[in-house]
Amino acid sequence: MPGQRKRKRQRERAARSRSPQAGRWEQVFSTQDEAELRAETQRLYAEGELTDPSMLRVDMLCGRLRSPTTYRLSLFVPDASA
């Protein structure tokens, strides 16, 4: 269904903005290889650094002729004061 992914992201953002936790997204990994991205995500789960999938964000920066596609892995870091 067209637009379904966009609506899902909007709902997730709205849910996060209503949550009592404030914080920021911190980039922990960047690569141009999708297999490396999957391996890093599995490593985070295996080492216990990531327990809640909603605290993980994967950005795919689409490439063109000059710059290849890049994947960024970010984790949500809650503010210490909250």
Side-chain angles (χ1 to χ4, degrees):
M1 179 177 231
Q4 186 173 359
R5 184 178 302 161
K6 181 179 178 182
R7 287 191 299 274
K8 181 180 178 184
R9 279 195 310 256
Q10 288 172 343
R11 283 193 305 265
E12 289 171 353
R13 284 186 192 133
R16 271 197 302 269
S17 67
R18 289 189 301 261
S19 71
Q21 286 189 345
R24 66 188 187 290
W25 290 99
E26 186 174 300
Q27 181 180 336
V28 293
F29 188 72
S30 180
T31 185
Q32 294 176 359
D33 186 15
E34 192 174 350
E36 287 180 10
L37 175 71
R38 282 193 301 270
E40 180 65 17
T41 305
Q42 291 171 353
R43 185 192 67 79
L44 289 172
Y45 277 111
E47 292 181 359
E49 293 181 39
L50 180 64
T51 55
D52 184 11
S54 68
M55 304 297 264
L56 178 72
R57 184 177 78 185
V58 177
D59 297 319
M60 185 175 90
L61 306 174
C62 295
R64 295 282 190 252
L65 294 175
R66 290 187 179 186
S67 60
T69 301
T70 304
Y71 302 95
R72 286 188 191 163
L73 186 64
S74 302
L75 292 175
F76 185 76
V77 179
D79 285 339
S81 62

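- Put simply, W25 and V28 are part of the same group of oily side chains (I, L, V, M, F, W, Y) that touch within less than 4.5 Å, one to the next.
- Partners of R64 by salt bridge (Lys or Arg N to Asp or Glu O under 4.0 Å), not counting sequence neighbours: none found.
- Heavy-atom minimum distance, Q27 versus S74: CA-OG, 3.7 Å.
- V58 and L61 are members of different hydrophobic clusters when ILVMFWY side chains are connected at heavy-atom separations under 4.5 Å.
- Using a 4.5 Å cut-off on side-chain heavy atoms (C-beta onward), F76 and R57 make no contact.
- Partners of E36 under the salt bridge (Lys or Arg N to Asp or Glu O under 4.0 Å) rule, at least two apart in sequence or in another chain, do not exist in this structure.
- At a threshold of 4.5 Å between side-chain heavy atoms, the hydrophobic network of Ile, Leu, Val, Met, Phe, Trp and Tyr places L73 and Y45 in one connected group.
- With sequence neighbours excluded, no residue forms a salt bridge (Lys or Arg N to Asp or Glu O under 4.0 Å) with D33.
- Residues passing the side-chain hydrogen bond (donor to acceptor under 3.5 Å, both in side chains) test with E40, sequence neighbours excluded: R43.
- Summarising the geometry, atom CE belonging to M60 is positioned 11.0 Å from atom CG belonging to L37; distances are rounded to the nearest 0.5 Å.
- At a threshold of 4.5 Å between non-hydrogen side-chain atoms, the residues E26 and L75 do not count as touching.
- Minimum interatomic distance between Y71 and E34 (heavy atoms only, all atoms of both residues): OH-OE1, 3.7 Å.
- Here the closest heavy-atom approach between residue T70 and residue S30 is recorded as CG2-OG, 3.5 Å.
- By the salt bridge (Lys or Arg N to Asp or Glu O under 4.0 Å) test, R72 is found to be paired with no residue, residues two or more places apart in sequence or in another chain being considered.
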